[in-house]
Amino acid sequence: MTPEPSAEGGADLVLLGAILIWSLNFSVMKVGIGEMSPLAFPVLRYGFGAVVMALIVRRREGTLRIDRRDAGLFLVTGILGITLNQLSIVFALEQTTAANVALLTATQPIFTAIIATAIGDERLGRRHWLAVALGMAGVALVIEGGSGGGGSGTATATAVSGATPGASALPVGELLALAVSFTAAASWVTIRRLVTRYSPYRILTLQMIIGTGFLLPVAAPSLVAEDYGAVSAVGWGALAYSAILAGVVTNLLYYAGVRRVGASRAAVYQYLQSFLGVALAVILLREPFGIAQAVGGTVVIVSVVLSRQDPRLLARRAVRRGVGAARARTGRET
């Protein structure tokens, strides 16, 4: 049955609200790690978020149990999607602008396609390889445009190496932003093996618990040394926003919207996340943003749109695979 127009409109507002909260979180996290240790921030954020999500899932589903055979997959997605991902993003935000991070993390679907192809889950066609090449060209433009801006990782890398500032300086922050995309993509490829057996909420909750558990030993010295009394109300507000709104509320909203309008239509809203993230960072944090970054970001978004698989094509492929498997079974049985 086709949803009522009013129901679809409500779902669109829900999805837009989730994307807006996520977009603002780049700037909010930038503020947060300026107030406390970059290692302490994600542990506090996801530690609190994991507790809240666990309570919600226990109330909704009655349990957080998983099949023992899936423990390895949950372990991998927790380490990739939370531990390594959060280490990458907090240090990326420390080294470069929130606008650059917002732009470069838009490459996640491209990395997802590459990883899925590498492990045999998908097969990229000519159009998708073109999208990958286009996306990398956009990344190069963003890095080139951001290398002269304030807070760029090139300055830190130059200071550490003692080299003369110039084009050869390593763009540490931008490379870490790409690591954010890569770890998120690798985690999503793993999650796709779990979504047929568990709800998105249970997967997310266990991912938070496992990922935070592996973050804790790394961040323990920073957590102990942190001067919590020196953190301002703005810093605590940034932590609360990232933990509650960006970490819990957005996921509840987004998956509710996906159930109403479908994953393909919901994915369209994700294209807005980078542009909104950049706009908010420039407006609220007064970050520098040049023509090269704007052009590069546009190229990245175009490449992501181009890399998206046509749902109708995927459906036809699934049918063909199903028919082929049925024929194979018939051949074996006869």
Side-chain angles (χ1 to χ4, degrees), residues 3 7-8 10-23 25 42 45-67 69-86 105 108-109 111-113 115-116 121-122 180-181 183-213 242-273 308-309 311 314 318:
E8 287 190 359
D12 286 330
L13 289 175
V14 165
L15 289 168
L16 187 58
I19 294 301
L20 182 60
I21 294 171
W22 272 326
S23 301
N25 195 46
R45 175 193 178 190
Y46 277 103
F48 182 78
V51 171
V52 174
M53 283 300 300
L55 293 173
I56 292 172
V57 173
R58 284 294 299 270
R59 183 175 181 83
R60 289 171 60 102
E61 303 179 21
T63 183
L64 283 169
R65 289 182 182 178
I66 60 172
D67 193 306
R69 64 177 177 169
D70 295 322
L73 290 175
F74 275 101
L75 182 67
V76 170
T77 194
I79 293 173
L80 287 170
I82 301 296
T83 309
L84 297 179
N85 182 268
Q86 288 302 299
T105 53
Q108 180 184 332
F111 283 118
T112 301
I115 295 169
D121 279 5
E122 293 180 9
V180 175
S181 282
T183 53
S187 173
W188 172 239
V189 171
T190 306
I191 287 174
R192 290 198 303 195
R193 289 166 162 74
L194 297 169
V195 292
T196 57
R197 297 190 291 277
Y198 306 97
S199 73
Y201 306 112
R202 194 183 308 190
I203 295 172
L204 176 64
T205 301
L206 291 169
Q207 185 186 45
M208 285 183 174
I209 293 171
I210 293 168
T212 306
S242 288
I244 300 172
L245 290 178
V248 176
V249 174
T250 47
N251 287 289
L252 297 176
L253 290 176
Y254 187 77
Y255 288 122
V258 169
R259 285 200 306 269
R260 300 283 286 275
V261 301
S264 296
R265 179 165 162 181
V268 174
Y269 287 91
Q270 293 178 352
Y271 303 145
L272 296 174
Q273 186 171 327
R308 288 284 184 181
Q309 291 275 19
L314 290 175

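Keep in mind that the numbers below use all heavy atoms, side chains included, and drop hydrogens, waters and symmetry copies.
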Problem set entry | Side-chain ion pair, R197 and D67, N-O less than 4.0 Å | no

Might you point out which heavy atoms bring [X] and [Y] nearest each other, and give the distance in Å?
X: V189; Y: R193; value: O-NH1, 3.4 Å
X: R60; Y: Y201; value: NH2-CE1, 3.3 Å
X: V57; Y: T63; value: CG1-O, 3.9 Å
X: I209; Y: A50; value: CG1-CB, 3.9 Å
X: I82; Y: Q207; value: CG1-O, 3.4 Å
X: R202; Y: R65; value: NH1-O, 2.7 Å

[X] side chain vs [Y] backbone, donor-acceptor pair below 3.5 Å:
X: S187; Y: T183; result: no
X: N251; Y: G247; result: yes
X: T77; Y: L73; result: no

Problem set entry | Distance-only polar pair, side chains of T250 and W22, donor-acceptor under 3.5 Å | yes

Exercise. More than 12 non-hydrogen atoms from neighbouring residues, nucleotides or ligands closer than 6.0 Å to CZ on F48, yes or no?
Worked result: no

Can you tell me how far the [atom1] atom of [X] sits from the [atom2] atom of [Y], to the nearest 0.5 Å?
X: I79; Y: I210; atom1: CD1; atom2: CD1; answer: 8.0 Å
X: R58; Y: T205; atom1: CZ; atom2: OG1; answer: 11.5 Å
X: L64; Y: L55; atom1: CG; atom2: CG; answer: 9.5 Å

Within the structure provided, determine whether [X] and [Y] are in side-chain contact (heavy-atom separation under 4.5 Å).
X: L80; Y: N85; value: no
X: L15; Y: I19; value: no
X: I203; Y: F74; value: yes
X: V52; Y: I244; value: no

For this session: Using the side-chain contact (heavy atoms from CB on, under 4.5 Å) rule, take Y198 and D70 through it: C-alpha gap first, then chi angles, then the decisive distance, then the call.
Result: CA-CA 10 Å; Y198 306 97; D70 295 322; 2.6 Å; yes

For this session: Given side-chain contact (heavy atoms from CB on, under 4.5 Å), test I56 with L252 step by step and report yes or no.
Result: CA-CA 10 Å; I56 292 172; L252 297 176; 3.9 Å; yes

